[in-house]
Amino acid sequence: MDYTLFTAAIVFLTSGLCVGQNVLPPGPLTGAIGGRVKFTTTLSPPAKPFISVSWTFNRVNIITSTTVNITNADHKDRISLDRTTGSLELWNLGLRDQGEYRVSIIPDGALELQGAITLDVYVLLSAATINSSPATLIAGISSTNLTCEAAGNISCIQWIKDGLPLCPSNNIIFSADNRTVYLSPVQDIDNGEYECLVSNPVSNRTASHNLTVNFGPQNISVYGPIAAPTGYRVTLSCSADSIPPATFTWMFNRTETGVNNTLYVIERMEALHIGNYTCTATNNITGLKDSVVHKLRGSSAAPIWSFALMVTSVLAAGLLQL
Ligand SMILES: *[C@@H]1O[C@H](CO)[C@@H](O)[C@H](O)[C@H]1NC(C)=O
Ligand SMILES: *[C@@H]1O[C@H](CO)[C@@H](O)[C@H](O)[C@H]1NC(C)=O
Ligand SMILES: *[C@@H]1O[C@H](CO)[C@@H](O)[C@H](O)[C@H]1NC(C)=O
Ligand SMILES: *[C@@H]1O[C@H](CO)[C@@H](O)[C@H](O)[C@H]1NC(C)=O
Ligand SMILES: *[C@@H]1O[C@H](CO)[C@@H](O)[C@H](O)[C@H]1NC(C)=O
Ligand SMILES: *[C@@H]1O[C@H](CO)[C@@H](O)[C@H](O)[C@H]1NC(C)=O
Ligand SMILES: *[C@@H]1O[C@H](CO)[C@@H](O)[C@H](O)[C@H]1NC(C)=O
Ligand SMILES: *[C@@H]1O[C@H](CO)[C@@H](O)[C@H](O)[C@H]1NC(C)=O
Ligand SMILES: *[C@@H]1O[C@H](CO)[C@@H](O)[C@H](O)[C@H]1NC(C)=O
Ligand SMILES: *[C@@H]1O[C@H](CO)[C@@H](O)[C@H](O)[C@H]1NC(C)=O
Ligand SMILES: *[C@@H]1O[C@H](CO)[C@@H](O)[C@H](O)[C@H]1NC(C)=O
């Protein structure tokens with residue numbers, strides 16, 4: 001095929017214009033319902049005024065401005081034409097204004113100029129919400145869906161977890177339109193604040209939802225000395241990762257002590273305190289338990305850190321008395 005003819009055919013197909021170049025920027029132009037848009041031409045005001053400026057919408061006349069102005073009734077009170085550049089402003093936009101706008105300009109002593117652009121009108125987004133089934137979730141067992149809802153033209157939905165973009169993973173899948181996030185099954189690390197950002201070219205909205213996944217107890221451990229001399233105060237502290245927080249019980253040598261606190265305190269270390277301390281953590285939602293054994297020995301000499309512990313507790317006791 002002849003090269004020039006080929007190029008002409010491409011120009012014709014892509015711009016939909018027969019002559020000259022497009023005096024409007026590449027579209028589409030976006031507007032909000034009730035808002036305004038300006039179709040700005042790429043032209044600067046010529047020395048001699050244009051002979052004619054004519055705008056059409058879906059091939060129907062909006063305004064034809066020669067020595068007189070012929071204006072469409074539906075556009076009469078909501079347009080303003082800049083005769084020097086051919087630019088047109090349109091306000092009080094409605095969905096019916098979506099479509100193709102064309103301009104044709106006849107300069108004084110030059111060839112006709114043309115332009116075409118598409119206008120997309122968007123409904124402003126209403127307040128967004130995240131919907132989720134209200135069921136109690138247990139890590140590794142339950143599944144849930146988070147669905148982002150908003151009225152209006154949604155162009156894009158993005159998900160944020162604890163301030164960072166949420167990424168798909170083994171158990172996190174997005175629907176094709178990003179509207180729904182499937183968490184199957186939920187995991188301990190899925191706890192946190194989820195946000196969905198809904199946007200279109202004219203508005204954006206955010207919704208937030210705190211997801212609670214019950215899990216644990218796990219990573220249970222006891223902190224405290226492994227040996228203590230007679231007369232010392234000994235504190236054993238038990239902790240575990242758990243949602244909701246675990247409740248604790250303590251056994252000494254396989255006998256329940258009745259202590260159900262994170263702390264087990266021996267006011268004055270005696271020989272009879274030597275033995276095995278078992279801390280058991282219980283999660284009343286997951287129904288799971290975990291325990292750990294801490295062996296406490298007697299010792300003749302106070303290790304430096306244990307002495308420091310005693311001094312701290314003496315200081316603390318002193319402060320309490322003040
Ligand atoms: C036609 O409209 C243009 C732009 O609003 C204005 O400048 C011009 O005076 C109008 N012409 C007549 C004849 O009303
Ligand atoms: C926005 O939604 C309306 C229907 O609610 C539709 O008619 C219109 O084409 C949509 N606009 C865009 C730009 O998708
Ligand atoms: C999540 O959505 C999918 C698809 O709509 C559905 O099959 C599944 O049952 C939903 N799961 C929950 C926990 O709601
Ligand atoms: C879905 O989310 C991803 C990541 O946030 C984003 O890159 C993509 O554009 C979104 N797709 C839609 C259709 O919103
Ligand atoms: C969301 O809209 C606000 C105005 O309502 C604007 O200031 C902000 O830049 C927009 N954010 C995004 C990401 O588009
Ligand atoms: C989620 O939790 C955070 C604190 O962790 C709180 O500031 C925020 O208001 C909560 N959001 C919702 C939607 O409950
Ligand atoms: C807690 O336990 C889980 C599984 O039991 C493990 O994956 C995680 O690394 C542990 N976390 C810490 C801080 O030890
Ligand atoms: C304490 O624990 C040790 C080893 O962990 C075990 O051999 C011993 O029998 C336990 N003693 C009691 C009274 O449970
Ligand atoms: C824990 O101990 C307190 C008193 O110290 C008691 O009132 C409570 O019932 C105990 N809870 C359990 C689960 O044993
Ligand atoms: C506890 O068990 C240890 C052995 O593990 C034993 O030496 C100690 O006498 C026991 N103490 C009591 C009070 O039963
Ligand atoms: C479960 O434990 C949590 C925290 O320990 C407590 O707030 C809640 O009332 C308990 N629920 C039941 C059903 O026992």
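Indexing begins at 1, ligand by ligand and atom by atom, following the structure's order.
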- Item | Nearest protein heavy atom with distance in Å, relative to atom 8 (C) of ligand 7 | Asn219 ND2, 4.0 Å
- Answer yes or no: is there a donor N or O on one side and an acceptor on the other, between the side chain of Ser208 and the main chain of Glu195, under 3.5 Å? no
- Note on the structure: atom 14 (O) of ligand 10 has as its nearest protein heavy atom Asn253 ND2, 3.1 Å
- Item | salt_bridge(Arg78, Asp97) N-O dist < 4.0 Å | yes
- Query: Are side-chain N/O atoms of Ser175 and Asp177 paired as donor and acceptor at under 3.5 Å?
  - Reply: yes
- Indicate, as side chain, backbone, both or neither, the part of Leu272 found under 4.0 angstrom from ligand 10 when only non-hydrogen atoms are considered. backbone
- Note on the structure: of all protein heavy atoms, closest to atom 5 (O) of ligand 10 is Asn276 OD1, 4.1 Å
- Message: Within a 6.0 Å radius of atom CG on Leu272, are there more than 12 heavy atoms belonging to other residues, nucleotides or ligands?
- Response: yes
- Message: Within the 4.0 Å heavy-atom shell around Ile274, which atoms of ligand 10 are there?
- Response: 1 (C), 8 (C), 10 (C), 11 (N)
- Query: Would one find an N or O of Asp241, backbone or side chain, under 3.5 Å from an N or O of ligand 7?
  - Reply: no
- Task: Look at atom 6 (C) of ligand 5 and say which protein heavy atom is nearest, naming residue and atom and giving the distance to 0.1 Å.
- Result: Asn204 ND2, 4.1 Å
- Lys295 side chain vs Ala227 backbone, donor-acceptor pair below 3.5 Å: no
- For atom 2 (O) of ligand 10, decide whether some protein heavy-atom distance is shorter than 4.0 Å. yes
- Query: Do Ile266 and Leu296 have side chains that get closer than 4.5 Å, going by heavy atoms?
  - Reply: yes
